[in-house]
Undergrad: 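After the structure tokens below, expect a handful of questions from me.
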Amino acid sequence: MIPYFAPRCPTVSPDTCTGERMRVGWIVFLVSCWFGAAAFAEPPTSADKAAEMWRPYRKPGTAVPNRDSQTAPPSKSSASQQATPDELPRRAVTDPFADDLSDEDFGPPVTTGDSNNPASLDDSKIALAGHAQPQTPQEPAPFQFPPGLNVPTVPSPAGDAPSIARASFDPVLLGPIEGEYIEGEYIEGEYVEGDYVGAEYGGEYIESGRELVGGCPNCGGNCGAAGINFCQATWTFNAEYLLWSISGFDVPALVTNSPAGTPRSQAGILGEPETRVLFGDQTLVDGSRSGGRFSLSRVLEPSGMKTVELSYFFLGQTNDTFSASSDGSGILARPFFSVEPGATGPNAELVAFPGVLEGNISVTASSEMQGGGIVAYQVIDRSDCRQIRLFAGYNYHELEESLEIRDFKRTLDSSLGLAVGTTIAEQDQFSTDNQLNSFVLGADLKARHRRVSVGLMMKLGLGNTNTTATLAGRTTTTVPLAGGDDINSVNTGLLVLDTNRGIYEGNEFTMMPQLGIDLGFQINRGWSAHVGYDFIYWSRVLRPGDQVDTNLNLSQLAAGGLNGIPAPEMPWKVSDLRIHAIDFGLQLAY
């Protein structure tokens with residue numbers, strides 16, 4: 001039917017008017033068709049418009065093809081790139097056109113998933129409309145982190161592709177739960193390259209996939225001092241003042257005295273009622289002595305679980321001295337016990353006697369000690385308030401001691417068979433050197449409350465003590481003569497003769513246990529002070545006083561040589577050393 005919207009022609013003939021109306025109708029019809037075709041052929045200008053235009057449509061009673069199998073028009077951006085399907089909204093299950101579906105209403109098998117991990121669904125069909133069909137389970141979409149939550153990507157311990165920590169539903173990053181290690185996931189803190197895949201988390205540290213109890217404590221709460229970080233130090237330097245008391249060595253009676261008027265045959269002899277001991281029969285060098293100790297330690301790993309320490313200490317030389325002299329009015333003597341055949345019994349050598357000899361005598365005892373070592377520590381238990389470590393290493397101790405007796409006398413008459421003015425100088429020296437090389441092992445505990453700390457330590461050293469004893473003597477006789485003095489020297493004294501003179505060396509298996517307690521105060525982040533007490537026991541040590549033998553056979557000094565038993569001898573007597581040590585120290589950690 002020709003549209004009728006041309007004007008009527010009342011003034012012309014009917015045939016002429018009819019022809020005009022037909023021409024106008026065709027023109028309107030062609031213009032309408034052109035605009036309609038242009039509207040339907042216009043490409044979509046947005047994703048929403050494209051989705052609407054590509055929505056499937058069918059008339060009632062016809063099948064609906066699977067919308068997921070349809071593809072979008074090719075992209076105009078590049079002819080070489082293949083367009084991907086546009087995501088279209090699924091049809092609602094209440095679709096009014098979802099009736100009378102047949103097998104032909106289902107599209108061909110489809111695949112889902114990304115290009116790297118496709119999941120085939122060719123054994124199942126997706127139902128359209130409201131018909132209930134089995135659905136293939138789909139993996140839920142990954143958790144979308146809210147804006148502002150920074151989740152870094154870290155490599156997994158096995159070297160696989162980097163992984164991202166999943167957020168929990170809080171959402172809070174997952175961490176170790178009751179000490180569990182979560183492989184390949186970032187654990188709160190800074191990632192440390194190498195063996196470590198996490199950092200401190202709740203007092204625990206993760207190393208190479210296994211849990212280490214403790215970690216680096218920050219000593220918070222009631223245990224720590226605010227603003228002080230106890231666990232950032234790599235190097236620690238410790239300087240201490242030492243005040244040690246070492247058990248001394250015993251010596252026999254070395255100097256005696258008798259009152260004026262005592263007969264010469266009884267003067268200075270032990271056992272006589274008027275004889276008294278001026279020096280000896282006592283313990284020497286057993287007092288306190290000062291020294292110093294220095295140590296340098298290095299933490300071997302960021303967690304602070306392993307530490308190595310190098311140390312050195314020394315004690316200043318301690319001396320005990322005695323001296324006495326007489327101008328010939330008093331009596332001085334050196335007692336001994338004679339074993340010479342025909343003269344056995346207590347005896348004494350005179351140093352001063354009225355009218356016969358004038359002289360003096362001195363005794364000096366000395367002792368000094370030093371040592372050091374290298375020890376490795378391993379933390380076995382740690383919390384904010386305490387730390388327990390085991391340690392093992394090597395220690396060196398050296399103890400050097402000596403006992404020296406000197407006397408000098410001048411004759412006042414010739415009753416001794418010597419020219420008047422003859423001088424005799426005697427010297428006896430007993431020296432010992434003990435060098436201990438030991439393997440040490442032990443444990444220490446340190447507990448802290450805010451700035452105050454208390455430490456306990458126990459250690460056992462096992463090793464060999466190499467001991468050396470040197471016994472030497474010398475006697476110098478000077479006889480005044482008109483043409484000059486006649487000087488004669490021999491390598492013997494009174495207590496050191498040919499029968500015991502020499503250098504002796506031996507080895508002793510030694511134990512050195514040690515117990516200690518320490519009280520410290522944290523001054524600031526780097527500096528701390530402490531005072532401590534230690535008890536040290538050193539078994540089987542050679543001391544000089546124990547090597548003195550007062551049994552003498554003076555026949556060996558005569559021209560005929562030794563007659564009777566050889567005496568004195570080298571006893572090789574060992575004893576124990578006990579040390580009570582107090583130390584005051586300052587420590588710098590950085």
Side-chain angles (χ1 to χ4, degrees), residues 225 228 230 233-249 283-299 307-321 365-375 377 387 389 391 393-401 434-436 438 440 442 444-448 450-459 461 512-538 541 577-590:
I228 296 182
F230 293 95
T234 300
W235 293 92
T236 301
F237 176 73
N238 193 25
E240 297 171 283
Y241 166 73
L242 306 180
L243 183 62
W244 288 16
S245 176
I246 298 180
S247 60
F249 53 80
T283 301
L284 303 181
V285 294
D286 63 342
S288 299
R289 61 192 72 182
S290 298
R293 177 166 53 200
F294 306 95
S295 62
L296 181 65
S297 62
R298 171 73 159 84
V299 175
T307 306
V308 63
E309 181 182 76
L310 183 66
S311 63
Y312 170 76
F313 79 91
F314 68 91
L315 294 174
Q317 187 180 84
T318 298
N319 299 307
D320 276 343
T321 60
S366 67
S367 175
E368 59 183 325
M369 187 176 180
Q370 65 176 347
I374 181 169
V375 178
Y377 294 85
Q387 172 180 275
R389 300 186 300 179
F391 60 86
Y394 162 79
N395 271 1
Y396 171 78
H397 292 81
E398 182 177 16
L399 177 66
E400 292 184 278
E401 296 178 311
N434 299 269
Q435 299 181 17
L436 170 61
S438 63
V440 295
D444 63 9
L445 163 67
K446 177 168 285 189
R448 180 170 56 234
R450 298 186 181 274
R451 293 180 182 265
V452 179
S453 64
V454 177
L456 299 175
M457 181 272 295
M458 55 182 179
K459 177 170 66 175
M512 180 179 276
Q514 180 176 347
L515 297 174
I517 184 171
D518 184 89
L519 179 64
F521 180 79
Q522 193 75 31
I523 301 173
N524 55 34
R525 178 174 178 177
W527 289 93
S528 62
H530 67 89
V531 57
Y533 166 80
D534 292 273
F535 174 75
I536 306 172
Y537 177 83
W538 186 350
V541 180
L577 184 73
R578 295 172 302 279
I579 303 174
H580 298 274
I582 298 176
D583 54 89
F584 305 88
L586 281 177
Q587 179 176 282
L588 171 62
Y590 61 94

Undergrad: Rounded to the nearest 0.5 Å, how far does CZ of F237 lie from OG of S295?
TA: 7.5 Å

Undergrad: First locate atom OG of S528, then atom CG of L588, and finally report the distance between them rounded to the nearest 0.5 Å.
TA: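 That separation rounds to 8.5 Å.
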
Undergrad: When you measure from the centre of the six-membered ring of W235, is the NZ or CZ of R298 closer than 6.0 Å and no more than 45° off the axis?
TA: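 Checked: cation-pi criterion met.
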
Undergrad: For Y312, check side-chain contact (heavy atoms from CB on, under 4.5 Å) against everything at least two apart and list the hits.
TA: F314, Q370

Undergrad: Write down the atom of L243, the atom of S288, and the distance for their closest heavy-atom approach.
TA: CD1-CB, 4.1 Å

Undergrad: To the nearest 0.5 Å, tell me how far N319 CG sits from R289 CZ.
TA: 9.5 Å

Undergrad: Of all residues at least two apart in sequence or in a different chain, which pass the ring-ring contact (aromatic ring centres under 6.0 Å, His included) check with Y241?
TA: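 In terms of ring-ring contact (aromatic ring centres under 6.0 Å, His included), with neighbours along the sequence ignored, Y241 is linked to no residue.
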
Undergrad: How many angstroms lie between atom CZ of F535 and atom CD1 of I517, to the nearest 0.5 angstrom?
TA: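 Between atom CZ of F535 and atom CD1 of I517 there are 15.5 Å.
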
Undergrad: Decide yes or no for W527 and Q587: does some side-chain heavy atom of the first lie under 4.5 Å from some side-chain heavy atom of the second?
TA: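 With C-beta onward as the side chain, the pair stays apart.
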
Undergrad: Please assess M512 against S438 for the test side chain to side chain contact (heavy atoms under 4.5 Å, CB included), listing each intermediate value before the final yes or no.
TA: CA-CA 8 Å; M512 180 179 276; S438 63; 5.7 Å; no

Undergrad: Could you tell me if the side chain of L399 sits less than 4.5 Å from the side chain of V541, heavy atoms only?
TA: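 Sidechains of L399 and V541: in contact.
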
Undergrad: Compare every heavy atom of V440 with every heavy atom of G461, then report the nearest pair and how far apart it is.
TA: CA-CG1, 3.8 Å

Undergrad: Under a 3.5 Å distance rule, please check whether E240 uses its side chain to pair with a backbone N or O of L242 as donor and acceptor.
TA: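 A pair under 3.5 Å: no.
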
Undergrad: Would you say that V375 contacts N395 through its side chain, given a criterion of any heavy-atom pair below 4.5 Å between the two side chains?
TA: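 Of all side-chain heavy-atom pairs linking N395 with V375, at least one is under 4.5 Å.
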
Undergrad: Does Y377 form a side chain to side chain contact (heavy atoms under 4.5 Å, CB included) with D444? I'd like the steps, not just the answer.
TA: CA-CA 9 Å; Y377 294 85; D444 63 9; 3.9 Å; yes

Undergrad: Indicate yes or no: at least one non-hydrogen side-chain atom of I246 is less than 4.5 angstrom from one of V285.
TA: no

Undergrad: For a side chain to side chain contact (heavy atoms under 4.5 Å, CB included) check, start with the C-alpha distance between W244 and I536, then their side-chain angles and the critical distance, and finish with the verdict.
TA: CA-CA 10 Å; W244 288 16; I536 306 172; 4.1 Å; yes

Undergrad: Are the side chains of M369 and H397 in contact, using a 4.5 Å heavy-atom criterion?
TA: yes

Undergrad: Tell me, do Y590 and R525 make a side-chain contact under 4.5 Å, heavy atoms counted?
TA: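 No, too far: nothing below the 4.5 Å cut-off.
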
Undergrad: Starting at CG of L284, measure out to OG1 of T321 and round the result to the nearest 0.5 Å.
TA: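 It is 10.0 Å, given to the nearest 0.5 Å.
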
Undergrad: Can you name the ring-ring contact (aromatic ring centres under 6.0 Å, His included) partners of F249, sequence neighbours left out?
TA: none

Undergrad: Scan side-chain atoms only and decide if S297 and E309 contain a donor-acceptor pair under the 3.5 Å cut-off.
TA: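 No, no side-chain donor-acceptor contact under 3.5 Å.
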
Undergrad: When rounded to the nearest 0.5 angstrom, what is the spacing between OG in S245 and CG in D286?
TA: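 If we round to the nearest 0.5 Å, S245:OG and D286:CG are 7.0 Å apart.
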
Undergrad: Looking at R578, is its backbone amide N or carbonyl O close enough to the side chain of S247 to form a donor-acceptor pair, meaning the two atoms are under 3.5 Å apart?
TA: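 Yes, because the side chain of S247 sits within donor-acceptor range (under 3.5 Å) of the backbone of R578.
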
Undergrad: So, do E398 and L436 sit near enough that their side-chain heavy atoms are less than 4.5 Å apart?
TA: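 They are not in side-chain contact.
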
Undergrad: W538 versus N434: any side-chain heavy-atom pair under 4.5 Å?
TA: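 Yes, their side chains come closer than 4.5 Å.
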
Undergrad: How about H530 and F521: are their ring centroids closer than 6.0 Å?
TA: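 Distance test on ring centres: not under 6.0 Å, no.
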
Undergrad: Start with the C-alpha gap between L519 and S453, add the side-chain angles, then the distance that decides, and say whether side chain to side chain contact (heavy atoms under 4.5 Å, CB included) holds.
TA: CA-CA 6 Å; L519 179 64; S453 64; over 6 Å; no

Undergrad: Does the R451 side chain pair with the main chain of Q522, one donor and one acceptor, at a distance under 3.5 Å?
TA: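 The answer is yes, because a donor-acceptor pair under 3.5 Å joins these two groups.
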
